[in-house]
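Below is one structure, written out as structure tokens, with a few remarks after it.
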Number of protein chains: 2
Amino acid sequence: MATYKTRAQFVADDLRGRILGGEFKGGTQLRQDALARDYDVSRIPVREALLTLESEGLVEFHAHRGAFTTELSVAKIRELFDLRVLLETYVLRHAMNGLTDANLKKAEDILLKYDEALNSGGDIDNWSEYNFAFHQALYAPADLPETLSLISQLNTKSDRYIRMQLVYTQEIEKAEREHHGLLELARQRDADKACELLKTHIQEACEGIVALLDERAKQAEAP
Amino acid sequence: MATYKTRAQFVADDLRGRILGGEFKGGTQLRQDALARDYDVSRIPVREALLTLESEGLVEFHAHRGAFTTELSVAKIRELFDLRVLLETYVLRHAMNGLTDANLKKAEDILLKYDEALNSGGDIDNWSEYNFAFHQALYAPADLPETLSLISQLNTKSDRYIRMQLVYTQEIEKAEREHHGLLELARQRDADKACELLKTHIQEACEGIVALLDERAKQAEAP
DNA sequence: TCACTGCAGTTTGTATACAGTATGCGAAAT
DNA sequence: ATTTCGCATACTGTATACAAACTGCAGTGA
């Protein structure tokens, strides 16, 4: 299903990628007309795409002024990551019950595939997808689709900051080590330790991002 | 802000009310043309309204077949209410720290106002808003806007089932008693007991809804 | 100098018009 | 009798066109 894709969906998907990729910083205005020319469509599907992105929290509409990309404050970033800790440990714990070897195999496959990509080229662009796919594979056995959907939302909102951090630091290797650790603990069915590791995994990523933002703010102040 | 309201927003708000009010049961198709005539607008704002409702989980789009109202399974209802327990106890605990007398006063005002409305007429239509306003007043001191937004989402999704339950049972009085209890525990700054009460408050509402759905299913089977 | 008003230009929000696709029914083939 | 094909119909998804609203600037008045 969903073998067919409307133009609005195509624009939404591509534009999401561009926003998360950092092409539009700060609260820049997104002009419908310009985007329509970019994608060679009319403004209608562009508007629909922007509405979708609004519901995802990536842009905001101002009356008669159009859509602006959102900028998260440090407080909101912290809040998002705290929510991720709460929801993802909750789901992971539930997933540990019905965890089958097939589930573990799938998660491992994703992990190894990315290890390989990392060694050969180190392409960061796809990291978010790999990262998300690995986590989802671990969480899938919980069979909590609404919860996974919320987690997906939170990840989308925080994604561009995670990418920003990855570009400037060497966090990927650390994350990969932690992913392997998570998989090992899942194999042992040790829910407590796995949740603990997941918690620090998320929290440390958050601290890294906040530190980076602070540094940037200082540089901007005194160049 | 938001002093101006687009037609799309108006349609979305009204249509949300109609869906939550139970006007469209099951997975009924919502025809854009008919809705456009209903509201005396073109199909464009109707489409945008439907997209908004899709992001809220109230309708689903099928390719070239338009929007259908969603129907929640018992499993998903349970999942939603479990999430509410998780997030709302989390927020309530945080709110207990910075809780001021002004906050308590505001929550009490809402509660008393509704008690009054209940005694004089007992109008159920506004109950959802009152209920939500009371909970939000208690949660506000936590200063976690993203979290409150998620909670709001969950409430919207489960709202029509709550209403359904209220029509057929005498749950409102019970809920009101629990609200008073919650407020009292908040006054005493007893976070543990307050969270415990909130948990059962939500869980029992869930069980009531599930029981009602089961009953309906049986009636439909053997009329 | 500074605040306020009015006009031009730009951009959004919506109506209308058109093209494309899914569905259902009937006829033909097995 | 059952299945498959084709066509008519209805509805969606999108392009084009237009009206309303916001922004910025020039000019006036204090």
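Worth saying up front: this structure is predicted, and the values here are computed from it rather than measured. Proteins come first, then strands; the chains are lettered A, B, ... in the order of their sequence lines, and each starts at number 1. Keep in mind that the numbers below use all heavy atoms, side chains included, and drop hydrogens, waters and symmetry copies.
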Base, sugar-phosphate or nothing for A:L50? Non-hydrogen atoms, less than 4.0 Å.
nothing
Does [X] place a side-chain N or O at less than 4.0 Å from the phosphate oxygens OP1/OP2 of [N]?
{"X": "B:Q9", "N": "C:dG13", "answer": "no"}
{"X": "B:Q32", "N": "D:dG13", "answer": "yes"}
{"X": "A:R65", "N": "D:dT23", "answer": "yes"}
{"X": "A:R47", "N": "C:dG13", "answer": "yes"}

Atom-pair distance ([atom1] on [X]; [atom2] on [N]), nearest Å:
{"X": "A:R43", "N": "C:dT11", "atom1": "CZ", "atom2": "P", "value": "10 Å"}
{"X": "A:L51", "N": "D:dT14", "atom1": "CG", "atom2": "C1'", "value": "15 Å"}
{"X": "B:F61", "N": "C:dT21", "atom1": "CZ", "atom2": "P", "value": "18 Å"}
{"X": "B:H64", "N": "C:dG24", "atom1": "NE2", "atom2": "P", "value": "16 Å"}
{"X": "A:R7", "N": "C:dA19", "atom1": "CZ", "atom2": "P", "value": "13 Å"}

In plain terms, say whether [X] and [Y] are close enough for a salt bridge, that is, a side-chain N and a carboxylate O under 4.0 Å apart.
{"X": "B:D13", "Y": "B:R16", "value": "yes"}
{"X": "B:R7", "Y": "B:E48", "value": "no"}
{"X": "B:D38", "Y": "B:R18", "value": "yes"}

For the residue pair A:K76 and B:P145, what are the closest heavy atoms and their distance?
CE-CG, 3.9 Å
Along DNA chain D (nearest heavy atom to each residue), the more 5'-positioned of B:D33 and B:I44:
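First, find each residue's nearest nucleotide; the 5'-ward one identifies B:D33.
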Nearest listed nucleotide, side chain of A:S42, among D:dG13, D:dA15, C:dG13
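Nucleotide nearest to A:S42's side chain: D:dA15.
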Heavy atoms from C-beta onward define the side chain here; which of D:dA21, D:dT12, C:dA15 lies closest to that of B:Q29?
D:dT12
